[in-house]
Amino acid sequence: MSAQLINGKAIAAEKRKAMIAQVELMKQKGTTPGLAVLLIGNHPASVSYVKGKVSDCQEVGIHSQLIRLPGDVAEAELLNQITKLNVDRRIHAILVQLPLPSHISEQKVVQAIRPEKDVDGFHPVNIGRIVTGQPGFVSCTPAGILEMLRTIHLPIAGKHVVIVGRSNIVGKPVSLLFLNRDATVTVCHSKSKPLSLYTKQADILIVAAGKASLIHADDIKPGAVVIDVGMNRNARGKLVGDVAFDEVKEKAGYLTPVPGGVGPMTRVMLLENTLTAAMRQMEKGL
Ligand SMILES: Nc1nc(=O)c2c([nH]1)NC[C@@H]1CN(c3ccc(C(=O)N[C@@H](CCC(=O)O)C(=O)O)cc3)C=[N+]21
């Protein structure tokens with residue numbers, strides 16, 4: 001039997017459609033949600049991602065402000081920009097596009113963002129809130145993964161979720177989210193050997209290792225839900241995930257494609273986090 005594909009692109013498009021009315025309602029109450037995106041340098045992939053974010057905002061009516069700084073900008077200048085945005089009442093959400101040039105400390109930059117405006121969910125305060133199960137901001141890729149599973153009505157409690165990859169952006173937060181939902185969670189990484197010993201046990205397998213064809217049909221349990229977070233360019237320049245799609249499709253129960261799976265969900269969760277930020281700040285009269 002062939003896996004059911006989870007169409008992230010379609011789910012994200014539906015969500016944006018629903019957001020238009022929500023944004024309109026907020027505008028009627030006097031608040032236009034606002035997102036500031038800071039882009040440092042001209043890295044082509046970053047430029048293209050940021051353009052996508054700005055056009056998503058336009059589609060749903062969110063005010064966006066793109067701030068471009070040269071690749072050799074001083075760290076202090078970037079921190080100064082963030083400090084200004086932290087107190088700007090038109091801006092409810094701040095995103096600094098990563099990666100940053102090597103002379104700038106990513107940690108310092110992330111920690112300069114006010115947690116209430118940290119829609120990436122990278123600030124230690126927001127990470128701590130996930131750890132302790134308090135409402136904060138969940139970073140966009142992990143939030144997008146959970147949202148995909150919600151749309152297919154997949155029960156999570158009691159399931160064995162195996163995560164491949166332990167990054168601060170995906171693996172670690174995703175493991176906490178599933179733990180909070182009463183799953184049994186195993187986190188694997190490049191030193192977990194043999195990897196298939198773990199991945200074969202997964203009811204839900206999340207692969208975020210950044211390695212093309214890391215997971216083959218032999219590595220999964222029949223009927224497993226497989227979420228491919230990988231984004232790799234193959235020899236022909238085509239975008240591929242970490243999962244050998246054609247093989248795994250024949251054995252999995254559900255599978256996310258690349259492109260068109262987790263990527264579009266990541267984008268739409270940024271919009272959702274921006275709306276949440278604006279709503280919370282509106283309610284507090286900030
Ligand atoms: N502060 C910060 N926050 C981020 O969330 C962040 C970041 N920096 N830096 C880079 C990564 C990467 N990322 C992507 C999101 C969506 C797609 C996406 O929509 N991908 C499409 C394909 C796009 C293509 O064809 O290149 C898809 O999978 O269908 C890709 C990549 C967000 N990131």
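Order of appearance sets the numbers: ligands from 1, and atoms from 1 within every ligand. FYI, side chains are in, hydrogens and waters are out, and symmetry mates aren't considered; it's all heavy atoms of this structure.
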S.K.: Is the backbone N or O of Gly136 less than 3.5 Å from a side-chain atom of Asn126, with the two atoms forming a donor-acceptor pair by type?
M.R.: no
S.K.: My understanding is that a hydrophobic cluster links ILVMFWY residues whose side chain heavy atoms are under 4.5 Å apart, including indirect links. Using that, what else belongs to the cluster containing Leu205?
M.R.: Leu5, Val162, Val164, Leu195, Leu197, Tyr198, Val207, Leu214, Ile215, Ile220, Val226, Val243, Phe245, Val248, Leu255
S.K.: Taking NZ, NE, NH1 and NH2 as the nitrogens, is one of them in Arg280 or Glu116 under 4.0 Å from a carboxylate oxygen of the other?
M.R.: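 Result for this pair is no, no salt bridge flagged.
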S.K.: Would you confirm whether Thr141, through its side chain, and Thr266, through its main-chain N or O, come within 3.5 Å as a donor-acceptor pair?
M.R.: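 No: the side chain of Thr141 does not pair with the backbone of Thr266.
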S.K.: So that I can tick it off, tell me whether Lys221 and Asp203 are bridged by a salt bridge, with the cut-off set at under 4.0 angstrom between side-chain N and carboxylate O.
M.R.: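 Between Lys221 and Asp203 there is a salt bridge, with a charged N closer than 4.0 Å to a carboxylate O.
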S.K.: Any protein N or O within less than 3.5 Å of an N or O in ligand 1? List each pair with its distance, or say none.
M.R.:
unit_1: ligand 1; atom_1: 1 (N); unit_2: Val96; atom_2: O; d: 2.8
unit_1: ligand 1; atom_1: 1 (N); unit_2: Asp120; atom_2: OD2; d: 2.6
unit_1: ligand 1; atom_1: 3 (N); unit_2: Asp120; atom_2: OD1; d: 3.0
unit_1: ligand 1; atom_1: 3 (N); unit_2: Asp120; atom_2: OD2; d: 3.4
unit_1: ligand 1; atom_1: 8 (N); unit_2: Leu98; atom_2: N; d: 3.1
unit_1: ligand 1; atom_1: 9 (N); unit_2: Gln97; atom_2: NE2; d: 3.0
unit_1: ligand 1; atom_1: 9 (N); unit_2: Leu98; atom_2: O; d: 2.9
unit_1: ligand 1; atom_1: 19 (O); unit_2: Gly263; atom_2: O; d: 3.4
unit_1: ligand 1; atom_1: 26 (O); unit_2: Arg233; atom_2: NH2; d: 3.3
unit_1: ligand 1; atom_1: 29 (O); unit_2: Gly260; atom_2: N; d: 2.6

S.K.: So, are Lys211 and Asp242 salt-bridged, with charged N and O less than 4.0 Å apart?
M.R.: no
